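Every number for a ligand or one of its atoms is a count from 1 in the order of the listing. Since we're looking at a predicted model, the values are computed, not measured. Residue indices begin at 1 and follow the sequence shown.
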Amino acid sequence: MEFNEQIVASVVEKVIAALNRGPECESGDFTGLVDTVDEAVEHAEEAQKKLISMSLRSRDEIIASIRKAVLANNEVMSALAVRETKLGRYEDKVRENILCATKTPGTEDLRPLALTGDDGLVLVEPAPVGVIGALTPITNPTGTLIHNSISMLAAGNSVVFNPHPSARETSTGMLQIIHKAITDAGGPEGLVTGVRQPSLETAKQLIEHPRIRMLVVTGGRPVVNVVLRSGKKAIGAGAGNPPVLVDETANIRRAAQCIVNGASINNNIFCTCEKEVIVVDEVADSLIKFMQETGKAYLLTPDEAERITRLVVSPEKKINHAYIGKDVQVILRDIGVELGEEYRLAIFEAPKDHPLVWLEQMMPVMPIVRVRDVEEGIRFGVAVEQGNRHTALMHSTNVNNMTAFARAVQTTLFVKNGPSYAGIGMGGEGHTAFTIAGPTGEGMTSARTFTRSRRCTLVEAFRIV
Ligand code: NAD
C-alpha cells in the first residue's frame, strides 16, 4: 500500500472526528479512558476479577474480537500514528498492525506443566498476575498496544496503559478501539484502561501504584532503569543498536537487498532495524554496489556524509530528534540534496568511531564500516551492540562464522540471511512481539511472559501408568 498524503489527510480527519465523539459508543458509555490513575487501576481491578471468572472460550472470543477490530481500523490508526508522531511510514505502520493483530499468540501460549511419579502428581500452571501497568513508546504507539493487550489479556490480566504523551491521540484511540472490541465480545469494561492525558507524572503514579502487580516498559534505557528500581516485578524492553555483519561467504546481492529493506522499514524506527553495516573488506565494494542497485539506497559522497552527520548528530554526540523517523528525502533536503520518491535509505562509508555507528539513530541513514576479516567483524559487532542484548544480524554461508558471532554477541534476537523484521515474525517463523525484553531476559514476550507460576500437588494419586 502506497503512502498518499490526500488519503491520509482524509482518513485522519474522520478518525479525529470519531475520537472526539468517542469511538462508535453511545453517549455515556465507558470507553476505557478515565481522568486519574487511581480510577484506571480501580476499573482494571474489577475487570480482571470478572475476566478470571469467565471461561477460557470467552477469553478467546475477546481476543478474536480485538484482532478483528484492529484490522478493521488499521488504515485510519496507521495514518493517525504518522500524522501525530511524525515518525515512520504509513504503509509500514499498516504492516506492523497486521503483524501484531495476527501473530501475537493468544491463550494457546499458556502451557501447563504436569509431572507424575511415585508420590503423585504436580501441576504447574501459568496464572494471571492481576493488574499490569504498561508504558508504551512513541515509535510503535499502535503495535505495542495491540501486542500488549492481546498477550496480557490472554494470560488473564487487565492492563492500565500509560502511553508516550506525544502519541496520546493515537494510543488512546487504539485503546478505545480495543476496549470496545472487548465489550462487544461480552468482556468486562475496564480490562484495558488509561488516563485521557498521559504524562510523565501519570507514568510515575502508575509505577508507584500499590495495586499494580507488574510493570512492563517498552522504551529507552533510562525509563527501563526507572522501572527496574521500582521494587516491583518489572519487564524491561529497551533500546538496541543492531549491527549487521556481512562476511566474504555471504550471498552479497541477497544481503544487500535484505539490509536495504530491513534498515528502511518504518524509516528505521523499529528497535530491531539494522543500525550499522559491518562488512569484510573483500566484499565491501560489491555489497555497496548491490545496495545501490536495489534502486532504494542512495550512496552519500564523503562531503554529503559529513554534512548529514553534522545535521543529525549534535556536538555533544546526541541524535537530533527532529530527524528521527523521517523519510530520507526530508533529511537529505536539509543538506540541499533532492532525492526521488523511490529512495528509502542513505548509505555511506564510515570509520569505526563514527557517531552513527555507536548511536541508535532511528532514521534511514546507514553507516557502513569495513573490517579486515570476519574475526575483526565479530569483535567490532559485539562492541557496537554495547551489551544491549537486543538484536544482531549476519549474512554468511559459513556455519562456523555464524555460530561464532551469535555466541559472542549474546543478543535476544539473532537473524541470519534475512532482513531484521524476519526476526519479529514478518517473513520469518515464530510469533511476533513489540515488547522484546532484553534487559530483563524474557525475550520475545507473549501471554506466558505475563503470568506467575502456581504449583498444585496431589499426593499419591493420578499417576495412571
Ligand atoms: P522513551 O524511553 O522516551 O519512552 C518510553 C515510554 O516511557 C513512554 O511512555 C514515556 O512516556 C515513558 N517514560 C520515559 N521516561 C520516563 C520516566 N523518566 N519516567 C516515567 N516514564 C517515562 O522511548 P520512546 O522514544 O518512546 O521509544 C523509542 C525507544 O524505545 C528506542 O530506544 C527503542 O529502541 C525502544 N524500543 C524498544 C522496544 C523493545 O521491544 N525492546 C520496542 C520499541 C521501542
Please determine if Arg89 and Glu91 form a salt bridge, counting it only when a charged side-chain N lies under 4.0 Å from a carboxylate O. yes

So if I count the atoms of ligand 1 from 1 in the order they appear, which ones are less than 4.0 Å from some heavy atom of Phe434? 40 (O), 42 (C)

Answer yes or no: does an N/O atom from Asn140 fall short of 3.5 Å to an N/O atom of ligand 1? no

re atom 8 (C) of ligand 1, the protein heavy-atom contact at minimum distance is Thr136 O, 3.2 Å

Counting each atom of ligand 1 from 1 as listed, which ones have a heavy atom of Thr139 under 4.0 Å away? 27 (O), 28 (C), 44 (C)

Proximity flag Gly238 to ligand 1, non-hydrogen atoms under 4.0 Å: yes

Among all protein heavy atoms, pick out the one at the shortest distance from atom 4 (O) of ligand 1; state its residue, atom name and that distance to 0.1 Å. His164 CD2, 3.8 Å

Among all the protein's non-hydrogen atoms, which is closest to atom 20 (C) of ligand 1, and how far away is it? Ala203 CB, 3.7 Å

Note the single closest protein heavy atom to atom 11 (O) of ligand 1, along with its residue, its atom name and the distance in Å. Pro165 CD, 3.4 Å

Contact between Lys204 and ligand 1, counting heavy atoms under 4.0 Å? no

shortest atom 34 (O) of ligand 1-to-protein heavy-atom contact is with Glu360 OE2, 2.5 Å

Do you know which of Glu201, Glu208, His209 makes side chain to side chain donor-acceptor pair (under 3.5 Å) with Gln205? Glu201

Looking at Thr136, Thr144, Thr445, Asn148, which hits side chain to side chain donor-acceptor pair (under 3.5 Å) with Thr435? Asn148

Atom CZ of Arg213: over 12 foreign heavy atoms under 6.0 Å: no

Short N or O distance, Ile138 and ligand 1, threshold 3.5 Å exclusive: yes

In terms of residue, atom name and distance, what is the protein heavy atom nearest to atom 18 (N) of ligand 1? Val226 CG2, 4.0 Å

Report yes or no: does His390 have a heavy atom closer than 4.0 Å to ligand 1? yes

Checking salt bridge (Lys or Arg N to Asp or Glu O under 4.0 Å) for the pair Glu46/Lys50: CA distance, chi angles, key distance, verdict? CA-CA 7 Å; Glu46 280 306 304; Lys50 288 181 189 156; 5.2 Å; no

May I ask you to list the atoms of ligand 1 that are less than 4.0 angstrom from any heavy atom of Ala239? 32 (O), 34 (O)

Greater than 12 external heavy atoms within 6.0 Å of Arg196's CZ: yes

Quick one: nearest non-hydrogen protein atom to atom 13 (N) of ligand 1, plus distance? Val223 CG2, 3.4 Å

Are any of the N or O atoms of Thr218 closer than 3.5 Å to those of ligand 1? no

Nearest heavy atom to atom 29 (C) of ligand 1, choosing from Pro242, Gly220, Gly236, belongs to Gly220

May I ask you to decide if the ring planes of His43 and Phe30 are parallel, tilted or perpendicular, using 30° and 60° as cut-offs? parallel

Considering only protein heavy atoms, which is closest to atom 27 (O) of ligand 1, and at what distance to one decimal place? Pro137 CB, 3.4 Å

Ion pair present between Lys352 and Glu376, side-chain N to carboxylate O less than 4.0 angstrom? yes

Determine whether a donor-acceptor pair (N or O, by modelled atom type, separation under 3.5 Å) exists between the side chain of Asn241 and the backbone of Val384. yes

Distance only, no hydrogens: is a donor on one side chain within 3.5 Å (strictly under) of an acceptor on the other, for Ser78 and Asn97? yes

Regarding Lys49 and Glu45, does a basic nitrogen lie under 4.0 Å from an acidic carboxylate oxygen? no

Considering the heavy atoms of Pro163, write down every atom of ligand 1 situated less than 4.0 Å from one of them. 9 (O)

Tell me which one of Met363, Met366, Glu274, Lys296 satisfies side-chain contact (heavy atoms from CB on, under 4.5 Å) with Leu345. Met366

Considering both backbone and side-chain atoms of Cys271, is one of its nitrogen or oxygen atoms within less than 3.5 Å of a nitrogen or oxygen in ligand 1? no

